[in-house]
Protein chains: 2
Amino acid sequence: MSVRYQNRTLKAAGMTGIRRLAQHLDISIGTVSRALNGRPDVNEETRRKVLEAAAELGYVPNQSGRSLRQGTTNIIGFMMQTGTEITGQGDTFFMSVFDGVQTVFARHHLDLVALLCSSEEDPDDYLRRVVARGFADGLILSATQRHDARFEFLAKRKIPFVTLGRSLTDVGQPWLDLDFEGMAQISIDRLVARGHRRIAVTRPHDDINLGHLFVDQSAKALAAHGLTLDPDLVFSSKPNEAGGYHVAQQLLAKKDRPTAILLVNETIAIGFYRGLSEAGLKPGRDIAIIGRQSPQSHFLSPSLTGFTLSRRDLGIALAEALLATMPAFSHFYPDADLRKVWPEDLVEGESDAFSLPA
Amino acid sequence: MSVRYQNRTLKAAGMTGIRRLAQHLDISIGTVSRALNGRPDVNEETRRKVLEAAAELGYVPNQSGRSLRQGTTNIIGFMMQTGTEITGQGDTFFMSVFDGVQTVFARHHLDLVALLCSSEEDPDDYLRRVVARGFADGLILSATQRHDARFEFLAKRKIPFVTLGRSLTDVGQPWLDLDFEGMAQISIDRLVARGHRRIAVTRPHDDINLGHLFVDQSAKALAAHGLTLDPDLVFSSKPNEAGGYHVAQQLLAKKDRPTAILLVNETIAIGFYRGLSEAGLKPGRDIAIIGRQSPQSHFLSPSLTGFTLSRRDLGIALAEALLATMPAFSHFYPDADLRKVWPEDLVEGESDAFSLPA
DNA sequence: TCGATCACCGTAAACGTTTACGGTACTATG
DNA sequence: CATAGTACCGTAAACGTTTACGGTGATCGA
């Protein structure tokens with residue numbers, strides 16, 4: 001004899017979702033749901049049958065119904081802006097980070113999606129929409145501004161999030177960031193030891209926080225040697241190849257040209273090299289360069305001296321830091337690094353071989 | 001006197017969503033919903049008040065509730081795989097395409113998200129999950145395989161989708177693709193006119209369809225001149241810088257070295273250049289190269305002769321082709337290009353200057 | 001034999017929307 | 001004045017889940 005199904009008899013046609021599955025097995029939808037969700041109060045034999053039938057019929061719970069009921073989506077959003085001029089970071093960077101993030105998320109049946117904020121929309125507005133619509137259980141933010149309104153907005157609504165990059169706006173959220181202090185210190189020590197005194201640095205043209213950090217830490221590292229960072233030698237640029245090219249032009253136009261330069265990001269090195277070579281100058285012979293490695297920069301000549309990191313590991317750490325702050329998952333990551341500057345290794349190339357007589 | 005609200009009196013505390021808004025205005029939730037959704041049967045004065053209050057209280061309809069009821073999500077997914085080695089497309093290619101897609105979607109209140117399939121998960125399985133969960137109203141697929149099982153799967157379920165790249169699997173869906181025939185013909189004509197007879201081509205190492213197309217069309221263009229494509233001169237490579245470097249090494253190891261080469265994608269040029277220069281060879285002087293332009297390739301020296309396209313326009317066309325097949329939007333795009341090979345312009349550089357005596 | 005405990009399962013409410021349906025008050029028309 | 005029509009609005013069902021609650025039959029101990 002068949003059970004009845006919440007206002008519908010077995011004869012009712014066109015059943016969908018969990019009802020169809022329950023009908024097929026002639027048990028109630030409650031039991032099906034419990035079986036699928038791994039609840040303890042269901043017979044193991046029943047559970048086996050349910051899982052089997054689910055696989056057979058290709059049943060996957062409807063996300064809308066599920067999240068409407070639970071208030072949870074099993075989705076984590078990685079917010080990023082489209083339009084290359086703004087993001088700067090080539091997308092292979094994020095693709096590698098994503099891969100790390102997902103190896104962690106997969107363990108918890110969480111899905112990662114990239115929330116693409118159009119370059120024509122205000123990021124704050126976009127975030128507001130995403131949150132109000134109840135789109136994701138947690139967020140990963142990048143391209144953090146020096147003062148970032150998104151932080152307070154999320155904190156007020158108690159949305160778990162982690163950021164790739166610190167900010168002066170601190171609401172207690174976890175973050176990961178690059179070790180600008182370490183990079184600046186190693187770079188400056190190395191250049192000063194080779195006799196350099198006039199050292200230039202680059203920074204992104206916008207108010208992204210890493211620019212401030214990079215300049216500040218470079219100045220600090222110079223101060224340790226009794227040197228000061230000449231404001232005239234801080235070059236702003238778009239974080240892409242064209243930006244690097246432009247920096248080279250600006251630098252070459254200076255009367256008292258610096259003998260060394262620190263490049264803040266991976267992509268500008270390519271344009272900078274080109275700018276130099278058009279003027280007949282050669283990295284490592286006429287000027288010392290320390291930058292950051294990327295898949296592209298491996299093919300520069302002379303080879304670039306620069307810092308490198310595992311993007312995949314960075315993604316893993318990012319995911320763990322986020323989950324550590326989410327009540328449902330925190331017990332899995334009792335001692336995750338909630339705030340960490342990510343160490344980078346210096347790969348020695350030829351671009352900083354240029355040294356000055358003592 | 002206040003209205004009652006579907007089993008709840010005004011005194012009920014903790015109202016959320018549309019109920020809270022209705023309570024605030026002292027009207028029914030039905031009217032609020034109608035007002036917000038632009039239904040005709042609502043007083044304009046009422047509508048004004050509702051919109052005002054919604055803005056004031058920051059109300060945004062809950063996505064789960066809405067899509068559960070309507071069976072629609074207002075989300076379009078762009079499926080891509082994480083892990084740089086697989087996606088291949090270096091740099092900011094997709095970010096630019098996205099920007100174009102979104103300018104179209106924004107007009108219809110559709111949101112674009114990138115569905116990130118982990119490199120550890122089978123793309124077909126991933127797609128199955130996404131569809132069954134009812135995640136998106138439509139999909140954009142890229143990295144189309146020569147035979148792509150995803151097409152049939154989506155067609156069977158009547159999920160609207162468009163692909164960036166043709167496939168032998170044709171289920172009648174719209175697609176956009178690069179004009180390999182045009183590119184091959186222009187390139188080959190140009191090289192043959194400069195006396196080249198042994199011309200090499202590259203192709204991606206996997207079964208992605210564009211590789212087959214590129215090789216086939218190149219062979220066809222050669223045949224028009226009475227030449228054949230030597231299978232020994234078809235080089236497979238990963239679609240990144242390292243792949244290009246590897247191709248150079250393979251090519252240089254050949255006894256009867258080709259005098260010209262066509263590079264299938266944007267990123268490999270950088271590695272290929274490097275491979276040549278390490279062997280003391282120079283593009284345009286010792287071998288003729290025709291490739292594809294990218295933000296990076298602008299900084300190659302000697303300058304690359306290559307094809308270029310507007311990625312943003314490509315994104316716009318992609319979005320329009322998709323919407324043209326979705327019943328709710330098709331009337332906006334009565335004469336969209338449903339299947340189109342995208343023309344590319346040839347930018348003349350120095351890399352193909354090398355010519356042979358007649 | 002009789003409660004009590006237990007394992008398992010069915011019932012129905014609830015999540016936040018949208019929308020078909022019907023109702024009410026007002027206007028127009030004869 | 002009666003009727004029809006109109007403009008607007010409230011009601012409640014429905015979407016597909018999850019889960020608190022209660023119910024049933026079996027087992028077990030005294």
Side-chain angles (χ1 to χ4, degrees), chain A residues 1-10 12 14-23 25-50 54 57 59-74 132-135 328, chain B residues 1-10 12 14-23 25-50 54 57 59-74 132-135 328:
Chain A
M1 200 193 69
S2 358
V3 286
R4 301 184 125 260
Y5 297 90
Q6 192 171 354
N7 294 335
R8 306 198 193 185
T9 70
L10 267 185
M15 284 198 186
T16 62
I18 203 172
R19 276 204 180 72
R20 187 160 134 60
L21 196 56
Q23 173 189 33
L25 291 163
D26 195 26
I27 59 180
S28 79
I29 61 170
T31 302
V32 173
S33 176
R34 277 189 293 264
L36 291 172
N37 291 20
R39 284 288 141 87
D41 54 347
V42 48
N43 188 302
E44 280 308 321
E45 172 64 10
T46 310
R47 189 195 306 280
R48 194 188 54 72
K49 280 192 205 151
V50 171
L57 300 188
Y59 170 76
V60 177
N62 176 286
Q63 185 57 38
S64 302
R66 168 182 270 248
S67 61
L68 178 58
R69 168 63 213 230
Q70 306 201 117
T72 209
T73 63
N74 281 357
R133 286 171 59 158
F135 195 90
Chain B
M1 200 193 69
S2 359
V3 286
R4 298 183 128 260
Y5 298 91
Q6 193 171 352
N7 293 335
R8 305 199 192 185
T9 71
L10 268 185
M15 284 197 186
T16 62
I18 204 172
R19 277 204 180 71
R20 186 160 135 60
L21 196 55
Q23 173 190 34
L25 291 162
D26 197 24
I27 59 179
S28 79
I29 60 171
T31 303
V32 173
S33 176
R34 278 189 293 265
L36 291 172
N37 290 21
R39 286 287 140 86
D41 55 346
V42 48
N43 188 303
E44 280 309 320
E45 171 65 9
T46 310
R47 189 194 306 280
R48 195 188 55 71
K49 280 192 205 152
V50 171
L57 301 188
Y59 169 75
V60 177
N62 176 287
Q63 185 59 41
S64 302
R66 167 183 271 249
S67 61
L68 178 58
R69 170 63 215 229
Q70 307 201 115
T72 210
T73 64
N74 281 359
R133 286 171 59 156
F135 195 91

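Below, each value reflects all heavy atoms present in this structure, side chains not excepted, and no hydrogens, waters or symmetry copies. Below, read A as the first sequence line, B as the second, and so on, with proteins coming before strands; counting in each chain starts at 1.
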Exercise. Nearest-Å distance, CG (A:Leu36) to P (D:dT19)?
Worked result: 12 Å
Problem set entry | First of B:Pro61 and B:Arg34 reached from the 5' end of DNA chain C, by closest nucleotide | B:Pro61
Exercise. Would you find a donor on one side and an acceptor on the other, under 3.5 Å apart, between the side chain of B:Thr31 and the backbone of B:Ile27?
Worked result: no
Seminar exercise, completed: Taken to the nearest whole Å, CD1/A:Ile27 to P/C:dA7 is 19 Å
Problem set entry | Those residues of residues 62-73 of chain B lying under 4.0 Å from DNA chain D by at least one heavy atom | B:Leu68, B:Arg69
Exercise. Whole Å only: how far is the CD1 atom of A:Ile18 from the P atom of C:dA12?
Worked result: 17 Å
Seminar exercise, completed: Closest non-hydrogen atoms of B:Val60 and A:Ala132, given as atom of the first, atom of the second and distance, are CB-CB, 3.3 Å
Exercise. Is there side-chain contact between B:Arg66 and B:Asn37, with heavy atoms separated by less than 4.5 Å?
Worked result: yes
For this session: With heavy atoms under 4.0 Å as the rule, sort B:Gly17 into base, sugar-phosphate or nothing.
Result: sugar-phosphate
For this session: Output yes when at least one side-chain N/O atom of B:Ser33 is less than 4.0 Å from OP1 or OP2 of C:dT17, else no.
Result: no
Problem set entry | Minimum side-chain heavy-atom gap A:Arg19-A:Gln23 below 4.5 Å | no
Exercise. Is a side-chain donor or acceptor of A:Ser33 paired with a backbone partner of A:Ile29 at a separation under 3.5 angstrom?
Worked result: no
Exercise. Is the shortest side-chain N/O distance from B:Tyr59 to OP1 or OP2 of C:dG16 below 4.0 Å?
Worked result: no
Exercise. Taking atom CZ of B:Arg20 as the centre, does the number of heavy atoms from other residues, nucleotides or ligands within less than 6.0 Å exceed 12?
Worked result: no
For this session: Please examine the side chains of B:Phe135 and B:Thr73, heavy atoms only from C-beta on, and report whether any two atoms are closer than 4.5 Å.
Result: no
Problem set entry | Sorted by number, the residues of residues 38-47 of chain B with heavy-atom contact under 4.0 Å to DNA chain C | B:Arg39
Problem set entry | Between C:dG16 (C1') and A:Phe135 (CZ): distance, integer Å | 17 Å
Exercise. Just wondering, do B:Arg34 and B:Asp41 contact through their side chains at under 4.5 Å, heavy atoms?
Worked result: yes
Seminar exercise, completed: Looking only at heavy atoms, the pair that brings A:Arg47 and A:Arg39 closest together is NH2-O, 2.6 Å
Seminar exercise, completed: Taking every heavy atom of B:Gln63 against every heavy atom of B:Thr72, the minimum-distance pair comes out as NE2-O, 4.1 Å
Exercise. D:dG10 P sits how many Å from B:Leu25 CG, rounded?
Worked result: 11 Å
Exercise. Which atom names give the shortest non-hydrogen contact between B:Ala22 and B:Ser28, and what distance separates them?
Worked result: CB-C, 4.0 Å
Exercise. For C:dC9, does OP1 or OP2 lie under 4.0 Å from any side-chain N or O of A:Ser28?
Worked result: no
Exercise. How sharply is the helix from C:dT1-D:dA30 to C:dG30-D:dC1 bent, taking the axes over five pairs at either end and rounding to 10 degrees?
Worked result: 60°
Exercise. Quick one: A:Ile29 CD1 to D:dT18 C1', roughly how many Å, whole number?
Worked result: 9 Å
